Protein chains: 2
Amino acid sequence: MPATLRDVAERAQVSMRTVSNVVSGYTHVSEKMRKRVLEVIDELDYRPNPVARSLRTGRTGLLALVVPEIDVPYFSALARDVINAAAAFGYRVMVDQTGHDHDQERELLTGADRTMLFDGILFSPLVTKAELLEMSSPTRMPIVLLGEHEFDGRYDHVAIDNVRAAHDAVAHLIASGRTRIAAIGAQPLEEYATPQQRTAGYESALSEAGIDIDPRLAKPAAHYSRADGYRAAAELLAQSRRPDAIFCFSDLLAMGAMRAIFDAGLSIPEDVAIIGVDDIEEGRYSRPSLSTVSLDTAFIAEQAIARVTARIDEPELPPREVVAPHALVVRESTAH
Amino acid sequence: MPATLRDVAERAQVSMRTVSNVVSGYTHVSEKMRKRVLEVIDELDYRPNPVARSLRTGRTGLLALVVPEIDVPYFSALARDVINAAAAFGYRVMVDQTGHDHDQERELLTGADRTMLFDGILFSPLVTKAELLEMSSPTRMPIVLLGEHEFDGRYDHVAIDNVRAAHDAVAHLIASGRTRIAAIGAQPLEEYATPQQRTAGYESALSEAGIDIDPRLAKPAAHYSRADGYRAAAELLAQSRRPDAIFCFSDLLAMGAMRAIFDAGLSIPEDVAIIGVDDIEEGRYSRPSLSTVSLDTAFIAEQAIARVTARIDEPELPPREVVAPHALVVRESTAH
DNA sequence: TTGTAGGCGTTATCAC
DNA sequence: GTGATAACGCCTACAA
């Protein structure tokens with residue numbers, strides 16, 4: 001059995017209060033007392049019970065990070081930075097996976113998990129705006145939305161400007177002389193904000209350049225996975241007039257697309273240029289290396305942690321939108 | 001303020017005991033009572049407070065997964081499976097990163113975290129055998145060692161047979177006609193078990209084939225990262241007699257090595273064959289696709305969760321070693 | 001500066 | 001089958 005505060009107090013011949021003060025690094029404790037208490041703590045190998053402390057204080061020091069899949073490189077990079085940023089604030093991070101399941105997402109926010117287990121939630125959602133609004137009212141849990149969702153004024157929110165990011169990527173393709181520019185990642189359902197925004201950026205860049213929008217060049221992708229990218233690219237290449245460039249809504253889609261292009265006997269960037277979004281490390285070592293729109297996951301994580309911890313301390317803070325910077329990174333896959 | 005058990009009891013005109021029974025799905029509750037209580041629970045939107053429950057029961061339903069870096073593909077794949085397997089047992093998973101820091105590793109096991117916050121720990125360690133033994137005695141926390149550590153009989157342990165895995169990889173290279181076979185991943189310090197075991201497998205395969213072991217062909221790598229793989233491969237290629245094959249101790253090293261080989265103007269597998277370990281998805285889409293030794297992360301995760309939950313329920317279980325299967329996967333990078 | 005006591009919300013031990 | 005009541009281990013007014 002682990003030693004309790006009471007054990008220490010008895011052994012050291014002091015009150016529990018004093019022991020508690022020593023443990024919590026409280027101010028007014030005489031040197032003599034402190035030393036004696038510390039000795040006994042060491043002797044008994046006492047550690048405060050965090051569960052009891054949490055029950056008393058109402059805080060657990062735990063945050064939840066909710067992502068679709070932790071093994072998607074973008075999310076694992078985000079998790080790395082979130083865990084590190086949280087540690088700097090004295091928080092630890094629980095990782096929950098929704099597996100692209102809307103119901104599970106809603107459950108995680110409104111359901112059994114809107115309990116007192118976490119002090120806050122960092123949520124990288126798939127859900128629609130409507131659903132977010134719907135579930136928003138009942139919870140008082142500090143929540144920060146991560147990634148790429150429209151700001152609806154009800155939640156703290158850290159994201160890049162998706163429309164601009166997509167626009168920048170496509171404008172780069174146009175600037176390098178491409179004219180038949182496909183897109184992979186539009187969502188079959190109209191519910192998702194991110195694909196909509198990126199589609200908007202894609203189309204606006206084309207329009208600005210006076211290029212007609214060809215709906216056959218926009219391919220959906222359900223999960224932003226390599227497999228989806230492969231499939232979509234293969235379909236594009238099988239069409240009558242094939243594209244000379246593809247804007248992929250994620251680097252992972254791009255990795256799959258690149259493989260499909262090679263399997264079709266074509267060259268990158270000579271026959272088809274490729275650009276993605278996320279700047280995962282994989283794209284720096286691939287052949288060719290992958291041009292992309294870089295997202296600063298460390299920045300996103302730090303801002304998110306700053307917001308959620310601020311809200312934990314001050315629940316009535318007005319929600320704020322933080323726009324994270326993005327940057328075009330040109331590598332071999334779009335070099336001319 | 002969220003409703004408590006007492007609130008529900010008062011409103012439903014029953015005792016807290018009865019409410020608790022209903023919530024816990026306990027057996028002996030009359031239908032009438034149950035219905036009335038459930039109504040009030042719904043009315044008040046009551047959720048049991050997990051912290052209070054934990055204090056009382058001594059269990060948190062939380063597991064810790066300790067890995068060097070969550071954004072290393074192997075670890076994020078492992079985390080995915082661990083989280084899913086844990087969920088099937090009613091547990092949630094906290095992810096801690098040690099960042100290749102020995103002190104942090106030891107701290108996480110013996111230190112402040114050997115508290116009552118977790119019911120158990122899944123630990124993918126870097127530490128030496130000696131250190132593991134040293135820290136082992138004081139803790140009663142159920143711990144399962146994951147990945148590739150020698151079984152020392154003191155902990156539950158789930159891992160592949162590293163010596164055989166390495167042997168199989170190198171034997172495959174030999175069988176495909178390679179004779180100057182390099183290795184990337186040997187550790188500069190003698191402390192790590194995994195590199196030692198893989199080095200042993202590498203050397204035994206060479207010896208069996210009557211190939212002399214050339215120490216200049218064994219390159220160390222500190223972090224099993226792409227950057228380390230790139231660097232080590234570049235060094236190998238700069239040497240007088242360059243290798244015709246490289247066994248990389250991880251797929252990530254292999255991804256870096258492949259890029260280095262291309263940057264040197266050589267072809268894979270024509271000039272140099274490459275094989276890794278882990279079977280990360282990235283290697284299925286790379287060009288060339290990467291031959292590897294596949295580890296079954298789902299199996300490892302399920303076994304680990306099964307062990308740790310069993311030990312939580314029955315602390316005195318004798319530690320057991322589970323050897324996870326591995327399989328050679330031949331892809332383009334070693335095709336002849 | 002230190003001691004005492006009450007309660008955080010739940011489950012478990014007693015009675016009935 | 002159900003109702004009161006004591007812990008679980010800690011923090012913190014309130015006293016001293």
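This is a predicted model, so every value here is computed, not measured. Lettering follows sequence order; numbering is per chain, from 1.
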| note | Result for 5'-nearest mapping on DNA chain D, choosing between Val51(A) and Arg36(B), is Arg36(B)

| Side-chain N,O (Ser20(B)) to OP1/OP2 (dT10(C)) below 4.0 Å | no

| field | Presence of Arg17(A) side-chain N/O under 4.0 Å of dG3(C) phosphate oxygens OP1/OP2 | value | no

| Reckon Thr18(A) has a side-chain N or O less than 4.0 Å from the OP1 or OP2 of dT2(C)? | no

| field | Sugar-phosphate only, base, or nothing, as touched by Val14(A) at under 4.0 Å among non-hydrogen atoms | value | sugar-phosphate

| request: Mind calculating the distance between CZ (Arg6(A)) and P (dG3(C)) to the nearest angstrom? | output: 14 Å

| said: Can you pull out every salt bridge (charged side-chain N to carboxylate O under 4.0 Å, His left out) where at least one residue sits in residues 51-64 of chain B? Sequence neighbours excluded, please. | reply: Arg59(B)-Asp313(B)

| Asn49(A) has an atom CG; how far is it from atom P of dC11(D), in whole Å? | 9 Å

| Rounded to whole angstrom units, what separation is found between the CG atom of Asn21(A) and the P atom of dC11(D)? | 10 Å

| field | Side-chain touch Leu122(B)/Leu78(B), heavy atoms, less than 4.5 angstrom | value | no

| query | Does the dT10(C) base have a donor-acceptor partner in the side chain of Arg53(B) within less than 3.5 Å? | reply | no

| message | For dC8(C) and Ser54(A) - does any side-chain N or O of the residue sit under 4.0 Å from the phosphate oxygens OP1/OP2? | response | no

| Quick one: Met16(A) CE to dG6(C) C1', roughly how many Å, whole number? | 11 Å

| request: For Met33(B), report the nucleic acid contact type (base, sugar-phosphate, nothing); a contact means any heavy atom under 4.0 Å. | output: sugar-phosphate

| said: Using a distance-only criterion (donor-acceptor N/O pair, under 3.5 Å, no hydrogens), is the base of dC8(C) paired with the side chain of Arg56(A)? | reply: no

| Flag, side chain of Ser24(B) to backbone of Ser20(B), donor-acceptor distance under 3.5 Å | yes

| said: Would the distance check show the side chain of Asp156(B) and the main-chain N or O of Val144(B) forming a donor-acceptor pair, the cut-off being under 3.5 Å? | reply: no

| task | Find the distance Leu55(B):CG to dC8(C):P and express it as a whole number of Å. | result | 13 Å

| query | Quick one: Leu5(B) CG to dA12(C) C1', roughly how many Å, whole number? | reply | 13 Å

| query | Looking only at side-chain N and O atoms, does Ser30(A) come under 4.0 Å of OP1 or OP2 in dT2(C)? | reply | yes

| query | Can you tell me how far P of dG9(C) sits from OH of Tyr46(B), to the nearest Å? | reply | 10 Å

| said: Rounded to whole Å, how long is the line connecting atom CD1 of Ile41(B) with atom P of dG9(C)? | reply: 16 Å

| request: Report yes if a side-chain nitrogen or oxygen of Thr4(B) is closer than 4.0 Å to either non-bridging phosphate oxygen (OP1 or OP2) of dG9(C); otherwise report no. | output: no

| Ser24(B) side chain near dT11(C) phosphate (N/O to OP1/OP2, under 4.0 Å) | yes

| field | Asp119(A) (side chain) donor-acceptor with Thr60(A) (main chain) under 3.5 angstrom | value | yes

